[in-house]
Amino acid sequence: QVQLVESGGDSVQAGGSLRLSCVVSGYTLSNDCMAWFRQAPGKEREGVAAMNADGESYYADTVKGRFTISQDDSKTTMYLQMNSLKPEDTAMYSCALNRQCGLWGGALLYAHYYTVWGQGSQVTVSS
């Protein structure tokens with residue numbers, strides 16, 4: 001059974017940095033897409049960053065230039081490096097997997113394409 005487990009969420013001050021991790025178990029990544037989503041209280045879930053099997057990454061305009069998505073060489077862990085954090089980045093961050101994915105561009109950030117989800121990791125940014 002495929003499982004995604006996030007970690008790294010914390011409370012930080014504005015301008016700080018965090019790195020979220022998403023460990024994939026029960027599955028070996030190959031032709032897949034992986035993404036980070038976030039949801040703040042009272043708001044809709046938002047796609048933040050994603051990467052497809054070709055290594056193409058795509059970012060929401062709200063985080064472009066501040067966040068970076070990556071994978072380790074063994075393709076068992078995905079990361080989200082978050083720099084210059086703002087209070088509006090406060091949310092529950094979840095990683096997601098789309099197996100045998102053919103997505104590219106903005107479609108990578110559409111939640112309904114992803115079938116496996118982690119439980120989430122809370123990020124709180126104070127001003």
Side-chain angles (χ1 to χ4, degrees):
Q1 183 178 357
V2 184
Q3 285 190 318
L4 307 179
V5 179
E6 303 95 335
S7 62
D10 205 344
S11 296
V12 296
Q13 290 195 332
S17 298
L18 284 174
R19 189 176 79 159
L20 301 181
S21 299
C22 173
V23 176
V24 182
S25 62
Y27 183 73
T28 301
L29 294 174
S30 56
N31 299 316
D32 310 293
C33 297
M34 292 200 70
W36 288 97
F37 292 83
R38 68 184 181 186
Q39 188 166 21
K43 294 188 176 181
E44 292 188 357
R45 183 166 51 192
E46 173 190 19
V48 174
M51 179 179 288
N52 64 14
D54 294 328
E56 175 195 20
S57 57
Y58 196 85
Y59 298 91
D61 288 342
T62 52
V63 305
K64 199 172 295 182
R66 300 188 297 122
F67 290 11
T68 303
I69 188 172
S70 63
Q71 286 183 359
D72 66 349
D73 290 341
S74 66
K75 293 189 175 183
T76 59
T77 304
M78 180 177 66
Y79 302 100
L80 184 68
Q81 178 67 43
M82 305 184 293
N83 299 327
S84 302
L85 283 162
K86 304 176 181 180
E88 51 264 43
D89 294 319
T90 295
M92 180 70 75
Y93 284 72
S94 300
C95 60
L97 168 67
N98 178 333
R99 289 179 281 188
Q100 300 301 309
C101 163
L103 300 174
W104 58 276
L108 285 163
L109 297 183
Y110 292 173
H112 63 267
Y113 287 126
Y114 292 85
T115 57
V116 184
W117 292 80
Q119 84 289 351
S121 185
Q122 178 67 37
V123 172
T124 303
V125 185
S126 58
S127 58

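Lys86 places none of its side-chain heavy atoms less than 4.5 Å from the side chain of Val125. You'll find the side chain of Val2 reaches within 4.5 Å of the side chain of Arg99, heavy atoms only. Residues Val123 and Arg38 have side chains not in contact (no heavy-atom distance under 4.5 Å, counting atoms from C-beta outward). For the pair Met51 and Gln71, the minimum side-chain heavy-atom distance is below 4.5 Å. At a threshold of 4.5 Å between non-hydrogen side-chain atoms, the residues Asn52 and Leu103 do not count as touching. By the 4.5 Å heavy-atom criterion applied to side chains, Met82 and Asp89 are not counted as neighbours. In this structure, the side chains of Val48 and Ile69 stay at 4.5 Å or more apart for every pair of heavy atoms.
Salt-bridge formation is not detected for the pair Lys75/Asp32: no Lys NZ or Arg NE/NH1/NH2 atom is positioned less than 4.0 Å from an Asp or Glu carboxylate oxygen.
Both Val12 and Tyr93 belong to a common hydrophobic cluster when Ile, Leu, Val, Met, Phe, Trp and Tyr are linked at side-chain heavy-atom distances under 4.5 angstrom. Residues Leu20 and Val24 are members of one and the same hydrophobic cluster, defined by side-chain heavy-atom contacts under 4.5 angstrom among Ile, Leu, Val, Met, Phe, Trp and Tyr. Tyr58 and Met34 sit in two unconnected hydrophobic clusters of ILVMFWY residues. Membership requires side-chain heavy atoms under 4.5 Å apart, directly or through other members. Cluster membership for Leu18 and Tyr79, using ILVMFWY side-chain heavy atoms within less than 4.5 angstrom, is not shared.
Of all non-hydrogen atoms in Leu80 and Ala49, the two that sit nearest each other are CD1-CB, 3.9 Å. The two atoms that bring Leu4 and Ala96 nearest to each other are CD1-CA, 3.7 Å, heavy atoms only. The two residues Ser121 and Glu6 have their closest heavy-atom pair at CB-CB, 3.9 Å. Residues Gln100 and Ser30 approach most closely at NE2-OG, 3.6 Å, considering heavy atoms. Taking every heavy atom of both residues into account, Pro87 and Ala14 meet most closely at CD-CB, 4.1 Å.
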### Message
I'd like to know whether Val23 forms a side-chain contact (heavy atoms from CB on, under 4.5 Å) with Gln3, so could you lay out the CA-CA distance, the side-chain angles of the two residues, the decisive distance to 0.1 Å, and finally the verdict.
### Response
CA-CA 8 Å; Val23 176; Gln3 285 190 318; over 6 Å; no
### Task
Under the side-chain contact (heavy atoms from CB on, under 4.5 Å) rule, what do Tyr113 and Leu108 come out as? Steps first, then yes or no, please.
CA-CA 8 Å; Tyr113 287 126; Leu108 285 163; over 6 Å; no
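The side-chain hydrogen bond (donor to acceptor under 3.5 Å, both in side chains) pairs that include a residue from residues 10-20 are Ser17-Asn83, where partners are two or more places apart or lie in different chains. Sorted by first and then second residue, the ring pair (Phe, Tyr, Trp, His ring centres under 6.0 Å) pairs involving residues 7-46 (not counting sequence neighbours) are Phe37-Tyr114, Phe37-Trp117.
For the atom pair Met78 CE and Ser70 OG, the distance stands at 9.0 Å (nearest 0.5 Å). Atom SG of Cys95 and atom CD of Gln119 lie 7.5 Å apart (nearest 0.5 Å).
Counted by atom type alone, Thr62 and Glu46 present one or more donor-acceptor pairs between their side chains at under 3.5 Å.
Applying the 6.0 Å contact sphere to NZ of Lys43 captures no more than 12 heavy atoms from other residues, nucleotides or ligands.
The side-chain contact (heavy atoms from CB on, under 4.5 Å) search around Thr68 returns Tyr59, Gln81, not counting sequence neighbours.
Remark: the backbone N or O of Cys33 is not paired with any side-chain donor or acceptor of Asn98 at under 3.5 angstrom.
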